[in-house]
Protein chains: 2
Amino acid sequence: MVSIYDIAKAAGMSAATVSRALADNDKISRSSRERIQRIADEMGYRPNLLARNFRQKSSSMIGLITDDVSDELSGMIAKGVEQALRDNGFSMLVRNVHHDLDNEQSAIDYFADMQMDGVILADSTLDSLAEVPSTKLPFVLINRFSSAEEPVSIVCTDDFAGGYDATDYLIKLNHHKIAYINGPEDWYSSIRRLNGYIDALKKNNIPFHSEYVKHGDWFEDSGYRLALELFRSEDPPTAVFAANDMMAVGVIDAARECGLRVPEDVSVMGYDDRTIAKYVRPRLTTIQLPMFEVGQMAGQVLCEMITTGHVPDGKSTRLLVRGNVIERETTAPLQG
Amino acid sequence: MVSIYDIAKAAGMSAATVSRALADNDKISRSSRERIQRIADEMGYRPNLLARNFRQKSSSMIGLITDDVSDELSGMIAKGVEQALRDNGFSMLVRNVHHDLDNEQSAIDYFADMQMDGVILADSTLDSLAEVPSTKLPFVLINRFSSAEEPVSIVCTDDFAGGYDATDYLIKLNHHKIAYINGPEDWYSSIRRLNGYIDALKKNNIPFHSEYVKHGDWFEDSGYRLALELFRSEDPPTAVFAANDMMAVGVIDAARECGLRVPEDVSVMGYDDRTIAKYVRPRLTTIQLPMFEVGQMAGQVLCEMITTGHVPDGKSTRLLVRGNVIERETTAPLQG
DNA sequence: CGCATTTTTGCAATCGATTGCAAAGATTTG
DNA sequence: CAAATCTTTGCAATCGATTGCAAAAATGCG
């Protein structure tokens, strides 16, 4: 490998001059600069970034901690993060921690030892126990919360608004008997979506019936079972809002099983807008979460923190990203 | 930050000794080793990996080049790669190149400058023009081919076998009129799957009808349109095999539109086993590709190349991974 | 031309670790 | 007890760049 010393020798100048010339420093005369540049090209010089970064005490890399990149939403986040980082001259190291706090801590330690410039902690499926990570690196949280005192930067999808918008959309379709199949009770995101649901009912003067709220486990089958209960109850709902798309698919199955047509007899609303939402029949109306943009924002915020020297004003940044209702085929105005 | 020199001072020994002690080198007496270790812990010493890697001329990182991590299959590959790398003490830098060869080249250059230990080039959607990358780094290709002389390592899903197995599965169900909706004609993977389809017909003494082979563009809608043509033709097929799951969903739509029941009147077979296959109704029978394992194997092979010093025997390694038929609800024995 | 400025360049230290070789210290052995 | 051997430690170089400061060269000006 050719180093700046080799170039220096070939050019009959010092390594310092070569370094500055290649950095296009204007302390070096134009003629020397061009000559050195040319020689470097001829010799096929490539800078050793490890050496440079080491000297500079910054790796120009940031670490992305995620539970599982192969999850569709996490993948979108990763893509957005990578995009923003690249635009800012950073690159992205990924570590899947599989819902394990020990893995997470060891990833953070590794990042710190590697002199990473920052960390993004994305979308922990463990959000019930999401904590502020212990690290001195600048970091940004995605869809996680912090109970700590210190200011943190967070980019989050707006679960409350999502719950509200979904419910409000169904109400606008004249539905009053709207059931909500939530995720597990102890998840923050579940709680926030539920609050959005409740708020939408209240704002529209629709009484809240606790029998209309069920808690699933995010999986299809729980949506199916709980919807069955709802459809077979005394006073079945005319619309069901599920807290994710998988459970919504289960709801559609349950409706079919009960001889109910979707959307004519019952409307179904999902959440997340995963790919499956476009492929099930009827196509699922759902809340789309712009995860790519969320990742991008998180990346951007982190880069700014790094560039400008950590936390802006020593204050927490909290970006709430609102999703959109994507109207497809599982919702329709209430008949009669 | 505390360095080994700080520890050396505190311990009254030289930095060399500290370095060796922490590396658990047995040239250092047990007592010194323990004392140094203890002091390091007390001072909260963390090794600077950038310095270490720089000195060692190896970053312990490998680069993953992919078109788009947010694609489900690429995400699975990335997950498998990361797993294998971590097991071997490497970490993974990801770069999305979005089907752009310039991006790919610049990513490779960056990786080389960064002193990465290797590169994995995954799953180019551009496979028609997949070429051997120009790099001196050890690399492994995933689902790509090389037209070059030099030996390369490749991990690939077995498209021929996939095409064969899918077709054979339908034949075993007594179908003889089997249509195949392929991807674009100029994709290698399309060609190989088609050959598998043809071979299965031949082995089972079923005449090949070119009217039964159509070329789509991988998207749902092309599956729909081409299936419509098939179902409305003179002699409609009793089974349709689509070269991916998206097009298969289109086929199901077309069948429904033509008043054909799936699977009673027509069987439908997909390819890839994406998540949507489990969520469409009826659930899609398809060829499952173990992408996680593919990624893992590629990672493993690369780590071995790096550890043992590049290409084994100077010969190409070519691992072909066969998928499995996942029986679900869109296929059934031919009636009557 | 000589002195003051300005522009270019080089010296040498530095970042934090690792490592070959030699030296010092400890232990064994005849 | 001295010589030989083995164990433990330190010196100093090295990896490839960057950078503060000083020196050298070029230029300007009276």
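As the structure is a computational prediction, the values presented were derived from the model and not from experiment.
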Q: A:Gln115 has an atom CD; how far is it from atom P of D:dA17, in whole Å?
A: 19 Å
Q: Could you tell me whether the phosphate oxygens of C:dA17, OP1 or OP2, come under 4.0 Å of any side-chain nitrogen or oxygen in B:Tyr45?
A: yes
Q: Any base atoms under 4.0 Å from B:Ser19, or only sugar-phosphate, or nothing? Heavy atoms, all strands.
A: base
Q: Atom CG of A:Leu49 and atom C1' of D:dA17: how far apart are they, to the nearest Å?
A: 10 Å
Q: Give a yes/no on whether any side-chain N or O of B:Ser14 is located under 4.0 angstrom from OP1 or OP2 of D:dC11.
A: no
Q: Can you tell me how far C1' of C:dA13 sits from OH of B:Tyr5, to the nearest Å?
A: 13 Å
Q: For the residue pair B:Glu72 / B:Thr275, report whether a side-chain donor-acceptor contact shorter than 3.5 Å exists.
A: yes
Q: Between B:Arg20 (CZ) and C:dA17 (C1'), how many Å, whole number?
A: 12 Å
Q: So which nucleotide from D:dC15, D:dG16, C:dT9 ends up closest to the side chain of A:Ile28?
A: C:dT9
Q: Give a yes or no answer on whether the side chain of A:Arg95 reaches the backbone of A:Gly63 with a donor-acceptor pair at less than 3.5 Å.
A: no
Q: Salt bridge or not between A:Arg38 and A:Glu34? Use side-chain N to carboxylate O under 4.0 Å.
A: no
Q: B:Met1 has an atom CE; how far is it from atom P of C:dG16, in whole Å?
A: 10 Å
Q: Which sits closer to the 5' end of DNA chain D, B:Ala16 or B:Phe54, going by the nucleotide each is nearest to?
A: B:Ala16
Q: For a quick check, tell me whether the side chain of B:Arg46 and the base of C:dG16 share a donor-acceptor pair closer than 3.5 Å.
A: no
Q: From the list C:dG10, D:dA17, C:dG16, which nucleotide is the closest neighbour of the side chain of B:Asn48?
A: C:dG16
Q: Quick one: B:Leu50 CG to C:dT14 P, roughly how many Å, whole number?
A: 20 Å
Q: Once you apply a heavy-atom cut-off of 4.0 Å, does B:Lys27 come out as touching a base, just sugar-phosphate, or nothing?
A: base
Q: Any idea which of C:dC21, C:dC15, D:dC15 is nearest the A:Lys57 side chain?
A: C:dC15
Q: So does A:Arg55 reach the base of C:dG16 with its side chain, donor to acceptor, closer than 3.5 Å?
A: no
Q: Nearest to the side chain of B:Thr17, which nucleotide is it out of C:dA17, D:dC21, D:dG10?
A: D:dG10
Q: Are more than 12 heavy atoms from other residues, nucleotides or ligands located less than 6.0 Å from atom CE of A:Met43?
A: yes
Q: Do B:Leu22 and B:Ile4 have side-chain heavy atoms sitting under 4.5 Å apart?
A: yes
Q: Are B:Asp68 and B:Ser74 linked by a side-chain donor-acceptor pair shorter than 3.5 Å?
A: no
Q: On DNA chain D, nearest-nucleotide positions of B:Ser32 versus B:Gln56: which is more 5'?
A: B:Ser32
Q: Could you tell me the separation between the CG atom of B:Leu22 and the C1' atom of C:dA17, rounded to a whole number of Å?
A: 11 Å
Q: Can you tell me which nucleotide in C:dT18, D:dG16, C:dC11 comes closest to the side chain of B:Ile4?
A: C:dT18
Q: May I have the distance from B:Ile7 (atom CD1) to C:dG16 (atom P), rounded to whole angstrom?
A: 12 Å
